[in-house]
**Q** 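After the structure tokens below, expect a handful of questions from me.
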Amino acid sequence: MSETKIYLDNAATTKITDNVIEAMLPWLKEGYGNASSLYSLGRKSAIALNKARAQCAEALGCDSREIIFTSGGTESDNTAILSAAHSARESGKRHFITSAFEHHAILRPMERLEKEGFTVTYLPVYENGIVRPADLEAAITPDTSFVSVMAVNNEIGTIQPIKELAAICRERGIIFHTDAVQAIGNIPFNIHEQGVDMLSLSGHKLHAPKGIGILYVRDGVPLAPALLGGAQQGGRRPGTENIAAAAALAEALRASEAGLSEKTAKLLAFRGRLINEISRIPSAKLNGDPISRIPSNVNFSFAGQESETLILKLDLRGIAVSGGSACASGSLDPSHVLKAIGCTPTEAKGSLRITMSDLTSGSDISGFLEALGSILGQAPIRD
Ligand SMILES: *Cc1c(COP(=O)(O)O)cnc(C)c1O
């Protein structure tokens, strides 16, 4: 296997940064106490956990008690939906709304609910990959009790009008959840300002380790826990808390907020360069809105090419990028996201997602562009 020298798959996962590792170490070494224990070793862990929670709340613009630590984005998304389903069974309002291009951590639970008698409306996302608030308004019925629309799409990086969507739901007493896994750390996002009721985020997409995330639940919004067990986190998410991971996430959120404007300026320049240069390749077509997308994301279809082949050829040169989505890899189904924005199956089959982070350098971009040019120069173009 070749060594990866240029990592451009930051929407799949990110490198843990040194400051984050530093923040974790004390809780992996001496500070191993159980946060529920009464003696000092345990109380130190409880204090660290409270501190991490407060730091996360500060970075996100919410209150500490509105934060539930989870194992990541998937658990947060599932919990939000299953909790809303629990309330819906009691109220009888079994109509949910989401978008056609959500992550599978949203779509799969929605599909299960449909099998159990719920009705789910999937909002269209159009060619630009952006949900229209008017479509949400039109989809709402007296039976609607829950809406979930992602803040930023994980394949094409398009930014959704969350504030407007949340306001429409708020006026009508409908719970609004957003999967903000790809938004947090990539664009400014203040929970209070956006007005959402529930939100999911994941640590490993912003330089914290895998296996830690947050489910934000606004004060007053009911939560039916997905796991049942001890009294940890007020019983809302039982299981002995992972102090090291919580401390890591708090540090990652702090650092990403502190570095966001610098990162944005740098990545906007890189994104512009990628889009300009790749657009010169005759077979290339940009997927998703060129402007209203996070600075770190570029997604192109190459007519007549196959993602897998391109990914493996780039890997041989030490470059990591992805196709439709990491979760879909290994299957031959074209990406549901690209299908939702109207790509033909052929276009979807030949897509590449290039995603940057604050660790990306100008020479990474040059190295990638050079490799891509030479690979596509060699490859036969059928169309
Ligand atoms: C990565 C991702 C998830 C899943 O998060 P995990 O922490 O890997 O479970 C959910 N939603 C989106 C948009 C993602 O990008």
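Side-chain atoms are counted along with the backbone in the values below, which use heavy atoms only and exclude waters and symmetry mates. Atoms within a ligand are numbered from 1 in the order they appear, just like the ligands themselves. No experiment lies behind these values; they were computed from the predicted model shown. FYI, the numbering just counts along the sequence from 1.
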**Q** Could an N or O of ligand 1 be found under 3.5 Å from any N or O of Gly73, whether backbone or side chain?
**A**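 Yes.
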**Q** Which residue and atom name correspond to the protein heavy atom nearest atom 2 (C) of ligand 1, and how close is it?
**A**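 The answer is Lys205 NZ, 2.6 Å.
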**Q** Within the 4.0 Å heavy-atom shell around Gly72, which atoms of ligand 1 are there?
**A** 7 (O)
**Q** Under the salt bridge (charged side-chain N to carboxylate O under 4.0 Å, His left out) rule, what pairs show up with a residue in residues 81-99, not counting sequence neighbours?
**A**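 Sorted result for residues 81-99: Arg89-Glu116.
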**Q** To which protein heavy atom is atom 3 (C) of ligand 1 closest, and what is the distance rounded to 0.1 Å?
**A**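 Sorting protein heavy atoms by distance from atom 3 (C) of ligand 1 puts His103 NE2, 3.5 Å first.
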**Q** Which protein non-hydrogen atom lies closest to atom 7 (O) of ligand 1, naming both residue and atom, and how far is it?
**A** Ser202 OG, 2.6 Å
**Q** Within the supplied structure, the quantity of interest is the number of heavy atoms (other residues, nucleotides, ligands) at a distance under 6.0 Å from Glu58 CD; does it exceed 12?
**A** no
**Q** Determine whether the side chain, the backbone, both or neither of Thr74 has a heavy atom under 4.0 Å from any heavy atom of ligand 1.
**A** both
**Q** For residues Val147 and Thr98, determine if any side-chain heavy atom of one lies less than 4.5 Å from a side-chain heavy atom of the other.
**A** no
**Q** Which bit of Met150 gets closer than 4.0 Å to ligand 1, counting heavy atoms only: side chain, backbone, both or neither?
**A**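 Near ligand 1, Met150 shows its side chain, while the N, CA, C and O stay back.
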**Q** Hey, any chance Ile16 and Phe69 share a hydrophobic cluster, counting ILVMFWY side chains that come within less than 4.5 Å of each other, even indirectly?
**A** no
**Q** Is the cationic atom of Arg132 (NZ for Lys, CZ for Arg) positioned less than 6.0 Å from the six-membered ring centroid of Tyr126 and within 45 degrees of its normal?
**A** yes
**Q** Under the salt bridge (charged side-chain N to carboxylate O under 4.0 Å, His left out) definition, can you give me all pairs with a residue in residues 208-233, not counting sequence neighbours?
**A**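 Applying salt bridge (charged side-chain N to carboxylate O under 4.0 Å, His left out) to every pair that reaches into residues 208-233, excluding sequence neighbours, yields Arg65-Asp219, Asp197-Arg218.
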**Q** Any N or O on Asp179 sitting closer than 3.5 Å to an N or O of ligand 1?
**A**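 Among all N and O atoms of Asp179, at least one is under 3.5 Å from an N or O of ligand 1.
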**Q** Just jot down the ligand 1 atoms closer than 4.0 angstrom to any heavy atom of His204, in number order.
**A** 6 (P), 7 (O), 8 (O)
**Q** Taking Leu8 as the fixed residue, which of Leu314, Ile354, Leu352 is the one that meets the side chain to side chain contact (heavy atoms under 4.5 Å, CB included) rule?
**A** Ile354
